[in-house]
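Only one structure is covered here, and it is reproduced in the block below.
Hydrogens, waters and symmetry mates are skipped; everything else that's a heavy atom, side chains included, is used.
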Amino acid sequence: MSDAETAPWWQGAIIYQVYPRSFQDSTGTGMGDLNGIRSRLPYVARLGVDAIWISPIYPSPMKDGGYDITDFTVVEPLFGTLEDFAALIAEAHDLGLKVLLDFVPSHTSDAHAWFRDSRSSRSAAHRDWYVWRDALPEGGPPNNWISEFGGPAWTWDEATRQYYLHIYAREQPALNWRNPDVQNAMLDAMRVWYARGVDGFRVDAVEHLAPDHLLRDNPANPDWSEEEGPARSLFRTYSSHQPDVFPLVRRMRDLADDHGGRLLVGEAYGTLDEVMLYYGDALDGFQLPFNFELISAPWDPLHIAAYIDRYERMIPPGGWPSWVLGNHDRDRIATRVGPDQARVAQMLLLTLRGTPTMWQGDELGMVNEAVPEHLLQDPWAINNPGTGLGRDPVRIPIPWEDDAAGRGFTAGEPFLPLSSVASATAQEADPASMLSLVRALIALRRDEPALSLGTYERLHADAGTLSYARKHAGRRICVVLNFTAREQALAIPGAARLSTIPGRDLGRVDSLLPNEGVILTP
């Protein structure tokens, strides 16, 4: 049997992230839901991806877009019912799509029954399920940690005269994963969804599961700038990536393996050295720790080439790369690099060695949209007014149609403004659209094991271009990318299979057009 037949399904796969609130509304509430997602599964399947990752669908007061959870085992009524979820799973599987759910282990909502009991008294049964500490002798929070959304990471509870920790919003108290009861309860929640047919989880913010038990102050970041947000004024030396996190990751992996090898994708923002830790000493951690470099890197071929080389060297033997170009937390790629280079970026994402994760709407070339103050949803924006911080501009609803009310997303009033880009329907009919390019890239990736499973070899990088080869079973395919708006010499002439430039004459190619990426066979 070939390695394409024996490799785990996720190694040759493409994962597509769905943010439920912004995907498709089926009820007229102005916010997306499970039946809306189900109605658009044929579109996702036609795109050619292999799995959808659905951001949180659990009951939530929506203080942080669904990441503040009151029950980890049921569905938020705004999104539908467990029966709706079962129908979604069944249809996705019928279409050949795997389904991953977001698992949010580091915190709950302050409205969760566990936390309501925890703050009822110091002797409450769930008191030690959260991180409570006394004020400093001179008064004030136990240390200098800053919430990811700004302000202290500690909130004073007047009734019990202690502070509780919240790495994110004050409505998101941090769970105490050093308590075995917490571990067992959260693993039980994963079991519930495995039994309902989910194929794995994307594990949110895992680096915060076990912050320093001594609660040492984080050191100041001397290179901090206000544009990064208040939280980055300190290094996260003691509040993230602590040694006690990794045995917890192994427990999650053991559970996934016990259920037939379900997939775990780990979100752990950090240095490349820190990301590598999440593979586990014996590849017993996450199968796919996220690698976010393409989101944060300068759009420079020399930088990106050097990073790819380093990443490839560092991945442990038997480990598999992971690539991400965008997500629900970061600026859209078309906003970061412009619409022309966004096409080049899609070719990069879909031809590197590893499993790419696509953010919904990037296949349409969606951009950040302005969000008026009265529509803001994101606590990061609400807590830091006038700074330009916030994630609402990247969570704009998908534009499905041009002529329908709500652009096909909703028959009601959308919870965020609508997108300015051409709709999915219009782009499906346009061979020059971003959607047509992405579909062509995915189809070629499916047809060529060299692109989905092959080795990676850097061929050339300079200030304007990057080229590399993918090889598999004697088949060699080259990718050449022009990061500039100028024509560039092509160091590896060959027969072009696909170009990012609409209408480009294929066949033998001797130079790169401005903002062009080409896949060719030498």
Point-to-point distance, once rounded to the nearest 0.5 Å, from NE2 of His107 to CG of Asp68: 7.0 Å
How about CG on Asp134, more than 12 heavy atoms from neighbouring residues, nucleotides or ligands closer than 6.0 Å, or not? yes
Looking at the rings of Trp323 and Tyr311, which for Trp means the six-membered one, are their centres under 6.0 Å apart? yes
Taking salt bridge (Lys or Arg N to Asp or Glu O under 4.0 Å) as the criterion, tell me which of Arg119, Arg116, Arg122 meets it with Asp157. Arg119
Residue of the set Thr357, Leu350, Val438 for which side chain to side chain contact (heavy atoms under 4.5 Å, CB included) holds with Ile14: Leu350
NZ/NE/NH1/NH2 to OD/OE distance under 4.0 Å, Arg336 and Asp331: no
With Phe23, which of Arg40, Met31, Gln17 fulfils side chain to side chain contact (heavy atoms under 4.5 Å, CB included)? Arg40
Under-4.0 Å salt bridge between Arg38 and Glu91: yes
For Glu293, does its backbone N or O pair with a side-chain atom of Asn291 as donor and acceptor, under 3.5 Å? yes
Keeping the roles fixed (side chain from Asp257, backbone from Gly261), state whether a donor-acceptor pair exists under 3.5 Å. no
Ignoring hydrogens and geometry, is there a side-chain-to-backbone donor-acceptor pair from Asp199 to Val99 under 3.5 Å? yes
State plainly whether the residues Arg439 and Glu363 are in salt-bridge range, i.e. N to O under 4.0 Å. no
Using a 4.5 Å cut-off on heavy atoms from C-beta on, say whether the side chain of Val371 contacts that of Pro417. yes
Side chain of Glu76, backbone of Leu78: donor and acceptor closer than 3.5 Å? yes
Is a side-chain N or O of Asp25 found less than 3.5 angstrom from the main chain of Gly30, in a donor-acceptor match? yes
Ignoring hydrogens, what is the shortest heavy-atom contact between Pro20 and Ile57? Give both atom names and the distance. CG-CG2, 3.9 Å
With a 4.0 Å cut-off on N to O distance, would you call Asp258 and Arg253 a salt bridge? no
Any cation-pi pair here, Arg127 with Trp132, using under 6.0 Å and within 45°? yes
Looking only at the aromatic ring of each residue, does the gap between the centers of Trp400 and Tyr43 stay below 6.0 angstrom? yes
Can Asp102 and Arg202 be counted as an ion pair, charged N to O under 4.0 angstrom? yes
